[in-house]
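First the structure, in the form of structure tokens, and then the observations on it.
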Amino acid sequence: MDDKGEIISSYDVDENAALQIWTKGMSPRIVIFNKGQNSKKMIRLNWLENMERKLSLKGKKRGESTEYCLSDLLPHVQRILAEYAVYASFKPRLWKFAAALEKALHTPALVSDKGELSLLGEDKRSCLWIADVTDGVKGEGAFRPFFPLAEKEEGVVTKEGIPFTENRRNAEDLFKTGVVRKLTNAFPARWHRPLQVMAAGMLLGFSFCEEDGSDFIDELWREDADNPLNLRNGDPRMKGLDRRFVGYVRHFGLLGEITCRVSMDSDKELLGSEYARKRRIQFPAGLLGDVEYAVTFFEHAGGTTALGCKPRGATARHKGELIYVLPTLSYEKALESDSFGGTADDYFTIAQLTSAKRFETWMQHVIPYIGSFVGLV
């Protein structure tokens, strides 16, 4: 461990172990202090996301060891992280980063051709807003929402969007209309909560939804606090976390209807549950996970759709195969929400829905550690 760093907080777990928070102008690290061995091990916070993990520490005597479940260590980690959160450089950095992140995530995609509206490319489908200038009036257009409006958001914006003139069509212009803040106030669980988890989780060194973003985060910590942060939607340094956020927000109203489980043989399990196999789509590595996947559609006479997702190779994300189940009508709504009134695309919507569920699960893993000091619990 680097002795030039700074221990911000420390807590004695018992006579065998202590936990500490260390930092040195970068994302913090958890320090595990083995009292019996008088040794320290430093780990990134993303190690804590798997609550099934166990920590084993060697004792003073040969063959002696002490084992801890992460769930048992959770209160102690919460305590030292809460103390770290009031550390002078973290709070202003979090505020700045959350603001930059929000602006990047709400950057509109410019569309100038009416024909393009019916078949948007993946980059533009992965945006929350369309800057629609297809009417042909120079400098004029409208910010149109690319997400279904919840009942709580009715009256904030319509499908027709918010008009703009004089080419006032970028993210700053969108924010000046006040629509983003109104949406946040109307439905904080959809807009405020995931943004705060994302910003705090990233800055603290948690994973980017199971992806390694550690180099990017350390880069952010090294930046001059007085310089504006340069972020954009689709930034490769985000490792797809921004796209997963968009999927989560867009399909927020459907996520509670989607279940996900692990299966050793999804075909056999679903066919045995009276599902009928319909079609299969291949996904390259990077879209659904770190390996290629074959996704098979199944339909049930009772009105549900199931997706059997088979990895084409070993993946650390899960054991076996994955099965997603949702009402068929909800899947059809998702197709519509992803099309912007144009052509439905199973390929894109499957990626959106599975990414949204991954983002939801990731938040569930991170919130127990950070919820108290970002106002979520």
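Just so we're clear, the structure is a prediction, and the values are computed from it rather than from any experiment. Numbers here simply count residues along the sequence, with the first being 1.
- In this structure, Lys357 places its NZ atom where more than 12 heavy-atom neighbours from other residues, nucleotides or ligands lie under 6.0 Å away.
- Judged by distance alone, the side chains of Tyr331 and Glu299 never bring a donor and an acceptor atom under 3.5 Å apart.
- Between Tyr275 and Phe298, the ring planes are perpendicular. Angles over 60° get that label, and only those under 30° would be called parallel.
- Because its NZ or CZ atom is both nearer than 6.0 Å to the ring centre of Phe297 and within 45° of the ring axis, Arg279 counts as a cation-pi partner of that residue.
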Inset, instruction - For the pair Ser263 and Glu269, evaluate side chain to side chain donor-acceptor pair (under 3.5 Å) and give the outcome as yes or no after the intermediate values. - result: CA-CA 8 Å; Ser263 173; Glu269 182 177 336; 2.7 Å; yes
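- In this structure, CZ on Phe33 lies 8.5 Å from OG on Ser10, to the nearest 0.5 angstrom.
- Counting all heavy atoms, side chain and backbone alike, Lys54 lies closest to Cys69 at CE-SG, 3.9 Å.
- Side-chain contact between Leu326 and Thr304 is absent, with no heavy-atom pair separated by less than 4.5 Å.
- If you take CG on Leu231 and NZ on Lys103, they are separated by 11.0 Å, rounding to the nearest 0.5 Å.
- Closest approach of Leu287 and Ser355 over heavy atoms only: O-OG, 4.2 Å.
- At a threshold of 4.0 Å, the pair Glu210-Arg317 counts as salt-bridged, since one of the basic side-chain nitrogens sits closer than that to a carboxylate oxygen.
- To the nearest 0.5 Å, the span separating CG on Leu70 from CG on Leu73 amounts to 6.0 Å.
- Judged by distance alone, with hydrogens and angles left aside, the side-chain atoms of Trp362 form a donor-acceptor pair with the main-chain N or O of Ser207 at under 3.5 Å.
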Inset, instruction - Any chance you could lay out the side chain to side chain contact (heavy atoms under 4.5 Å, CB included) test for Thr134 and Val111, step after step, and finish with the verdict? - result: CA-CA 7 Å; Thr134 60; Val111 178; 4.1 Å; yes
Inset, instruction - Could you please spell out the steps behind the salt bridge (charged side-chain N to carboxylate O under 4.0 Å, His left out) verdict for Asp215 and Lys239? - result: CA-CA 11 Å; Asp215 289 343; Lys239 307 290 186 180; over 6 Å; no
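- Within the 4.5 Å cutoff, no side-chain heavy atoms of Pro28 are placed close to those of Trp22.
- Heavy atoms only, all atoms of each residue included: Leu255 and Ala356 are closest at CD2-CB, 3.7 Å.
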Inset, instruction - List the steps, then state whether side chain to side chain contact (heavy atoms under 4.5 Å, CB included) holds for Ile80 with Gln78. - result: CA-CA 6 Å; Ile80 58 176; Gln78 288 173 326; over 6 Å; no
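- Looking at Lys35 and Asn16, their side chains never come closer than 4.5 Å, going by heavy atoms from C-beta outward.
- Taking the side chain as every heavy atom from C-beta outward, His251 and Ile258 never approach each other to under 4.5 Å.
- The aromatic rings of Phe187 and Phe252 sit perpendicular, their planes meeting at an angle over 60°, well past the 30° parallel limit.
- Side chain of His365 to main chain of Ile367: no donor-acceptor pair is present (N/O by atom type, distance under 3.5 Å, no hydrogens or angles).
- Remark: Arg237 CZ is packed, more than 12 non-hydrogen atoms of other residues, nucleotides or ligands lying under 6.0 Å away.
- Hydrophobic clustering keeps Tyr347 apart from Leu120 (ILVMFWY residues linked when any side-chain heavy atoms are closer than 4.5 Å, directly or through intermediates).
- No donor-acceptor distance shorter than 3.5 angstrom exists from the side chain of Asn46 to the backbone of Glu49, with no hydrogens or angles considered.
- In this structure, Asn170 CG and Thr107 OG1 are separated by 8.5 Å, a value rounded to the nearest 0.5 Å.
- Taking the side chain as every heavy atom from C-beta outward, Ile7 and Ile21 never approach each other to under 4.5 Å.
- Residues Asp267 and Lys310 are paired through a salt bridge, judged by an N-O separation under 4.0 Å between the basic side chain and the carboxylate.
- With ring centers used as reference points, Phe147 lies under 6.0 Å from Trp191.
- Under a 3.5 Å cut-off, the side chain of Asp12 and the backbone N or O of Asp14 do not form any donor-acceptor pair.
- Atom-to-atom distance recorded for Leu117:CG and Thr343:OG1 is 11.5 Å, nearest 0.5 angstrom.
- Contact check for Met202 versus Leu101: side-chain heavy atoms found under the 4.5 Å cut-off.
- Note that NZ of Lys124 and CD1 of Ile130 are 7.5 Å apart. Values are rounded to the nearest 0.5 Å.
- In this structure, Leu241 and Met198 have side chains that are in contact, with non-hydrogen atoms separated by less than 4.5 Å.
- No hydrogens or angles considered: a donor-acceptor pair under 3.5 Å links the side chains of Ser27 and Asp218.
- Residues Phe206 and Trp47 share a hydrophobic cluster, clusters being chains of Ile/Leu/Val/Met/Phe/Trp/Tyr side chains in contact below 4.5 Å.
- Taking the six-membered ring for Trp and the full ring otherwise, Phe283 and Tyr293 have centroids separated by 6.0 Å or more.
- Side-chain N or O atoms of Glu292 include none that pairs as donor or acceptor with a backbone N or O of Ala285 at under 3.5 Å.
- Atom CD of Gln282 has more than 12 neighbouring heavy atoms from other residues, nucleotides or ligands inside a 6.0 Å radius.
- Under a hydrophobic clustering in which Ile, Leu, Val, Met, Phe, Trp and Tyr are joined whenever their side-chain heavy atoms come within less than 4.5 Å, directly or via other members, Tyr87 and Met26 fall into the same cluster.
- Under the 4.5 Å side-chain heavy-atom criterion for Ile, Leu, Val, Met, Phe, Trp and Tyr, Leu322 and Leu271 are members of distinct hydrophobic clusters.
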Inset, instruction - Report the C-alpha separation of Trp221 and Ile217 in whole Å, then their side-chain angles, then the decisive distance to 0.1 Å, and conclude whether the side chain to side chain contact (heavy atoms under 4.5 Å, CB included) test is met. - result: CA-CA 6 Å; Trp221 276 90; Ile217 290 309; 3.7 Å; yes
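- Evaluated for a side-chain contact (heavy atoms from CB on, under 4.5 Å) with Tyr369, the options Leu45, Leu81, Leu204 yield exactly one hit, Leu81.
- In this structure, the side chains of Glu274 and His300 come closer than 4.5 Å at one or more pairs of heavy atoms.
- Salt bridge status for Asp338 with Arg250: present, with a side-chain N to carboxylate O gap under 4.0 Å.
- A continuous path of hydrophobic side-chain contacts links Leu19 to Leu48 [ILVMFWY only; heavy atoms under 4.5 Å].
- Every pair passing side-chain hydrogen bond (donor to acceptor under 3.5 Å, both in side chains) that includes a residue from residues 137-150 is listed here, sequence neighbours excluded: Asp132-Arg144.
- By the 4.0 Å N-to-carboxylate-O rule, Arg243 lies close enough to Asp123 to be salt-bridged with it.
- Under the 4.0 Å criterion applied to side-chain N and carboxylate O atoms, Arg181 and Glu102 are assigned as salt-bridge partners.
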Inset, instruction - In sequence, state the C-alpha distance, the side-chain angles, and the governing distance for Asp346 and Arg280, and then conclude on salt bridge (charged side-chain N to carboxylate O under 4.0 Å, His left out). - result: CA-CA 10 Å; Asp346 285 312; Arg280 176 173 292 178; over 6 Å; no
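- Ring planes of Phe90 and Tyr84: tilted class, angle from 30 to 60°.
- Dense packing is recorded around CD of Glu67, with more than 12 heavy atoms of other residues, nucleotides or ligands lying under 6.0 Å away.
- Without hydrogens or angle criteria, Asn233 side chain to Leu105 main chain gives no donor-acceptor distance under 3.5 Å.
- Crowding of Glu336 atom CD: a count of heavy atoms from other residues, nucleotides or ligands under 6.0 Å not exceeding 12.
- A perpendicular orientation is assigned to the rings of Phe208 and Phe216, their planes being inclined by more than 60° (bins at 30° and 60°).
- In terms of modelled atom types and a separation under 3.5 Å, the side chain of Arg190 and the main chain of Val249 share a donor-acceptor contact.
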